[in-house]
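Contents: one structure, followed by commentary.
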Amino acid sequence: MVRIKFLLMGGIVLGLSLTLLLIYPQGEEKKIKKQFRLFSELVLKDSEEDSFTLLKKAKQIGSLFDDPCELKMSDPPLSGSYSREEIISFAIRARSHFSQLALKFYDLNIGLFQEGMARVVLTSRLIGRSTSGEGIDEVRELECLLEKIEKKWLFKQVEVVEVLKK
Amino acid sequence: MEPTYSNGEFNFCWRLRYLLSEPKRFDVVVVRFAGTRIMLLKRVIAFEGEEVKFYEGKLFINGQKLDEPYLRYPCYWNLPPRRVEKGCLYLIGDNRSMPIEDHYFGQTLKSRVIGSPIW
């Protein structure tokens with residue numbers, strides 16, 4: 001009778017552990033998707049903005065990234081390690097250059113590995129119009145590495161996948 | 001890929017095309033560009049280990065000029081020789097009338113080739 005009780009308790013604990021193991025990644029995946037949605041919302045610019053809004057949005061964009069963050073991009077050649085301040089500065093310059101800007105993410109493929117690390121392969125589309133009227137519509141595959149730091153998923157590495165290498 | 005395929009055209013990808021065979025030179029293939037929905041149409045011109053170069057608009061593979069009857073527009077490209085890496089194919093479009101910097105071409109992993117257009 002005692003043995004049965006212990007077996008039953010062991011079974012319940014095992015069942016609960018398995019359930020948590022299944023739910024946990026899904027919960028984390030939702031949080032990661034939320035970060036990408038937030039990134040997209042922060043980049044969005046559809047009208048002129050004052051300096052205060054520009055700076056606020058740039059700082060918020062910067063807060064999505066780890067310090068430093070690694071960027072791998074061959075065209076244009078922007079590969080390197082960037083501090084949060086540099087990312088904020090880059091965001092300010094980019095937002096100033098464009099009168100309209102939108103960054104959209106599709107087909108996120110999220111893989112959790114190690115504790116608090118995730119690799120995400122996705123499609124990104126950057127649409128915009130510069131202040132001089134030049135339009136931009138670029139689609140690229142991205143491979144991002146995110147790390148969970150103080151309960152927030154931050155971008156640690158962003159790679160623009162080079163599909164065709166000349 | 002003008003004039004072989006025009007912008008705005010509609011087609012299907014035969015995904016089983018290379019299930020039991022390998023792409024051949026001059027095959028037009030569908031390349032997975034981003035995610036599962038963004039594809040490119042490009043032509044296979046070289047295989048792993050081969051040397052590719054452009055000289056005055058002419059394509060050379062391993063030092064031999066390649067005859068490309070499907071080309072319709074003039075090309076004036078110059079590209080130093082480069083070798084196709086292991087597991088890769090060298091792909092290029094048929095429309096080479098623009099500056100070489102504006103044309104998206106090069107070597108890609110064979111695994112990115114997912115099939116060929118049906119027509």
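Proteins get letters first, then strands, A, B, ... in listed order; numbering begins at 1 in each. Keep in mind that the numbers below use all heavy atoms, side chains included, and drop hydrogens, waters and symmetry copies.
For A:Arg125 and A:Tyr106, the positive end is not near the middle of the six-membered ring at less than 6.0 Å and at most 45° from its axis.
Counting only heavy atoms from C-beta outward, the side chains of A:Asp137 and A:Leu126 never approach each other to under 4.5 Å. By the 4.5 Å heavy-atom criterion applied to side chains, B:Arg96 and B:Glu68 are counted as neighbours. Put simply, the side chain of A:Lys148 reaches to within 4.5 Å of the side chain of A:Glu28, judged on heavy atoms.
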(request) Show your reasoning for whether side chain to side chain contact (heavy atoms under 4.5 Å, CB included) applies to A:Leu101 and A:Leu44. (result) CA-CA 5 Å; A:Leu101 195 60; A:Leu44 182 63; over 6 Å; no
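Closest approach of B:Pro81 to B:Glu51, counting heavy atoms only: CB-CD, 3.6 Å.
Contacts between residues 107-119 of chain B and chain A, defined by a heavy-atom separation under 4.5 Å, are made by B:Gln107, B:Thr108, B:Arg112. The contact list for residues 6-21 of chain B toward chain A, using heavy atoms and a distance under 4.5 Å, is empty. Taking 4.5 Å as the heavy-atom cut-off, the residues of residues 24-47 of chain B that approach chain A are B:Val31, B:Arg32, B:Phe33, B:Ala34, B:Gly35, B:Thr36, B:Arg37, B:Ile38, B:Leu40, B:Lys42, ordered by number.
Residues A:Val43 and A:Phe90 are members of separate hydrophobic clusters, defined by side-chain heavy-atom contacts under 4.5 angstrom among Ile, Leu, Val, Met, Phe, Trp and Tyr. Note: the hydrophobic cluster containing B:Ile100 also contains B:Leu59 (ILVMFWY, side chain heavy atoms under 4.5 Å, direct or indirect links).
For residues 61-84 of chain A, the ring pair (Phe, Tyr, Trp, His ring centres under 6.0 Å) pairs, not counting sequence neighbours, are A:Phe39-A:Phe65, A:Phe65-A:Phe155.
The main-chain N or O of A:Gln60 is found under 3.5 Å from a side-chain atom of A:Ser63 such that the two form a donor-acceptor pair. The closest donor-acceptor contact from the side chain of A:Glu143 to the backbone of A:Glu159 lies at 3.5 Å or more, if one exists at all.
Of the candidates A:Lys45, A:Arg95, A:Glu41, A:Arg95 is the only one forming a side-chain contact (heavy atoms from CB on, under 4.5 Å) with A:Lys57.
At a 4.5 Å heavy-atom cutoff, A:Val121 makes no contact with chain B through either its backbone or its side chain.
Salt bridge annotation for A:Lys72-A:Glu70: absent, with no cationic side-chain nitrogen under 4.0 angstrom from a carboxylate oxygen.
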